[in-house]
**Student:** 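Shown below is the structure under consideration.
One-based numbering, in listed order, for ligands and for the atoms of each.
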Amino acid sequence: MKKRIVVFPGDGIGPEVTEQARRVLEKTAELGGLKLDIQEFPIGGASIDAYGVPLKEEYLKAAKRADAVLLGAVGGPKWDVVEPSIRPEKALLALRRKLKTYANLRPAKPYPALLQASTLKPEVISSVDILVVRELTGGIYFGKPRGIKDDKKGYNTLVYWRHEIERIARRAFDLAMLRKKHVTSVDKANILETSMFWRKIVKEVAAGYPGVKLDHMYVDNCAMQIIRNPSQFDVILTDNMFGDILSDEASMLTGSLGMLPSASMGDKKGLFEPIHGSAPDIAGKGIANPIATIASVAMMFDYAFSMVELSDMIENAIRKVLDDGLRTKDIYDGTGRLVSTSEMGEEILKRMG
Ligand code: NAD
C-alpha cells in the first residue's frame, strides 16, 4: 500500500517540529510496511517570501490529491504587516475549505509523567480523556451577512444547516462508539434558535446510536465543568465558535501547548497539525517541543489510515520518552534531562518498533 502525503512545514518553529515528525512518519511507515510518497511545499510566510502568496494553487491541488496533509504552523511578526488578503492565515482557511475538513478533533489526555505540568491538581486531571469534536466549516465564522456598517455597528450571522449538524454529530457518535460511548453536546439552546435546532438534530442522530449516552450542556456550564470535573467528559460535540474556545480550555488540562495534536477531518481527507502556532519567540533556537506534531502523525495513522497499531506505536514511544525523564524546555521542571528539539525526535525514534 502506498500513501501520498503533503507536508507544509510553514514558519517559525514549524520547520523544526515537522522535520522531527517527518522522521517519525517515515520510520513508522517502514516498520509498518507502508510505502510513502511525501512532497514538501512552503506555506504561509515562507510562501509569501518565495512567491508573493500564502499558498500556491498547485500546492493546494497537491494537498487535495494527497491521502493526508501534515502542517507545522504559519505566521509571525514579519508578515503581520502584509495586506490582509494575502496574510499567512489565509493559507490555512484555503486548505480547510479545499479539503472540506468539517470536523476538528482535539484530544486532551494528560501523559502520566506530566501530571505536575498542569495548572490543575493531579487528582483532578489524572483520569481525563476528552475528545473535543468541533464543527469547523460552518457557524458564525462563515455566516453571511457580516460586516461593519458606517462605523455604527458590527454584525455576524450564526447559521447551521441540517446537513452540517447531521454530519458532525454522526462523526462524534462514531468516535464515541470507539471510546466510552458518551457524547456531551454543548450549545446555548436556552437563548439561541440555532442551538435549539442543533439540539433537535443531535437527538435525531443519537437515535441511530442506542448504545451511546447523550447529554446536553449549555456552553457556559461546560466551560465551568471542564475545570471543575473534567473526567466526567468523553466526547464533547459542539459548534465552531464554542468548540474554538472550549478546545483551547480543555487543552490546557494537559500542561503545555507543545504537547497537543489535532486532526481536521472531512469524509476522506485529513489535515494534521499541532494546536500551537509558529512560536516566533523560540524559533531557530532548537528548543521547541516536537511532541504535538509527532502526536499529530499518530492521529494521521489512526484517523486517516485506520492503522491503529502504528498510531499506538508512536503514542507509546512518546509515553516512554516522557517516563524516561526527557524534557524539552517548555515541560522541564528541573528534574529529568533537558533535550533539544532534534534530540527529542531522536529519542522517540529510538523507542519505536
Ligand atoms: P504560539 O502557539 O505560537 O506560542 C504561544 C507560546 O507557546 C509561546 O511562548 C511559544 O514559545 C510557546 N510554544 C508554542 N509552541 C511551542 C512548542 N512546540 N514548544 C515550546 N513552546 C511552544 O502562539 P502565538 O505566540 O499567539 O502566535 C505566534 C504566531 O503563530 C502568530 O503569527 C499566530 O498568528 C500564529 N499561529 C498559527 C497557528 C497555526 O498555524 N495553526 C495557530 C496559532 C497561532
**Student:** Is the closest protein non-hydrogen atom to atom 24 (P) of ligand 1 under 4.0 Å?
**Tutor:**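 Given the 4.0 Å limit, the answer for atom 24 (P) of ligand 1 is no, no protein heavy atom qualifies.
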**Student:** Tell me, which protein residue and heavy-atom name are nearest atom 12 (C) of ligand 1, and how many Å apart are they?
**Tutor:**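 Ranking protein heavy atoms by distance from atom 12 (C) of ligand 1, first comes Ala279 CB, 4.4 Å.
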**Student:** Give the residue and atom name of whichever protein heavy atom lies nearest to atom 9 (O) of ligand 1, and the separation in Å to one decimal.
**Tutor:**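 So the nearest neighbour among protein heavy atoms is Asp281 OD2, 2.9 Å.
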**Student:** For atom 16 (C) of ligand 1, find the nearest protein heavy atom and state the residue, atom name and distance (0.1 Å precision).
**Tutor:**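 Nearest neighbour among protein heavy atoms for atom 16 (C) of ligand 1, to 0.1 Å: Ile13 CD1, 3.9 Å.
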**Student:** If we set the cut-off at 4.0 Å for heavy atoms, which region of Val74 has an atom near ligand 1: side chain, backbone, both, or neither?
**Tutor:**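 Under 4.0 Å from ligand 1, Val74 contributes backbone and side-chain atoms.
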**Student:** Which residue and non-hydrogen atom of the protein lie closest to atom 32 (O) of ligand 1, and at what distance in Å?
**Tutor:**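 Atom 32 (O) of ligand 1 sits closest to the protein heavy atom Gly76 N, 3.0 Å.
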**Student:** How far is atom 44 (C) of ligand 1 from its nearest protein heavy atom, and which residue and atom name does that atom have?
**Tutor:**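 Atom 44 (C) of ligand 1 sits closest to the protein heavy atom Gly277 CA, 3.5 Å.
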**Student:** At under 4.0 Å between heavy atoms, is it the side chain or the backbone of Glu89 that contacts ligand 1, or both, or neither?
**Tutor:**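 Answer for Glu89: side chain.
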**Student:** Is ligand 1 under 4.0 Å from a heavy atom in the side chain of Val17, in the backbone, in both, or in neither?
**Tutor:**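 Answer for Val17: neither.
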**Student:** Walk me through it: do Tyr111 and Glu315 pass the test side-chain hydrogen bond (donor to acceptor under 3.5 Å, both in side chains)?
**Tutor:** CA-CA 10 Å; Tyr111 290 96; Glu315 278 294 336; 3.2 Å; yes
**Student:** For atom 21 (N) of ligand 1, tell me which residue out of Ile282, Asn289, Leu260, Ile291 has the closest non-hydrogen atom.
**Tutor:**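 Heavy atom nearest to atom 21 (N) of ligand 1 belongs to Ile282.
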**Student:** What residue and atom, counting heavy atoms only, is the protein's closest point to atom 39 (C) of ligand 1, and at what distance?
**Tutor:**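 That would be Leu92 CD1, 3.8 Å.
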**Student:** For atom 19 (N) of ligand 1, is some protein heavy-atom partner under 4.0 Å away?
**Tutor:**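 Given the 4.0 Å cut-off, atom 19 (N) of ligand 1 counts as touching protein heavy atoms.
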**Student:** Looking at atom 41 (N) of ligand 1, would you say a protein heavy atom lies below 4.0 Å from it?
**Tutor:**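 Yes, because at least one protein heavy atom sits under 4.0 Å from atom 41 (N) of ligand 1.
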**Student:** Can you confirm, on distance only, whether ligand 1 has an N/O atom lying under 3.5 Å from any N/O atom belonging to Pro280?
**Tutor:**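 N/O-N/O distance below 3.5 Å does not exist for this pair.
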**Student:** Can you check which of Ser278, Gly75, Ala288 brings a heavy atom nearest to atom 29 (C) of ligand 1?
**Tutor:**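 Closest candidate by heavy-atom distance is Ser278.
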**Student:** Which residue and atom name correspond to the protein heavy atom nearest atom 6 (C) of ligand 1, and how close is it?
**Tutor:**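 Answer, as residue, atom name and distance: Leu257 CD2, 4.3 Å.
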**Student:** For Asp80, which part has a heavy atom under 4.0 Å from ligand 1: side chain, backbone, both, or neither?
**Tutor:**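 For Asp80, there is no contact with ligand 1 at all, from either part.
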**Student:** Could you check Lys320, Arg327, Arg337 and say which one makes a salt bridge (charged side-chain N to carboxylate O under 4.0 Å, His left out) with Glu347?
**Tutor:**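 Result: among Lys320, Arg327, Arg337, Arg337 is the only option passing the salt bridge (charged side-chain N to carboxylate O under 4.0 Å, His left out) with Glu347.
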**Student:** Between Pro88 and ligand 1, which part of the residue brings a heavy atom under 4.0 Å of the ligand: side chain, backbone, both or neither?
**Tutor:**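 No part of Pro88 comes within reach of ligand 1.
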**Student:** Is the shortest N/O to N/O distance between Leu71 and ligand 1 below 3.5 Å?
**Tutor:**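 Among all N and O atoms of Leu71, none is under 3.5 Å from an N or O of ligand 1.
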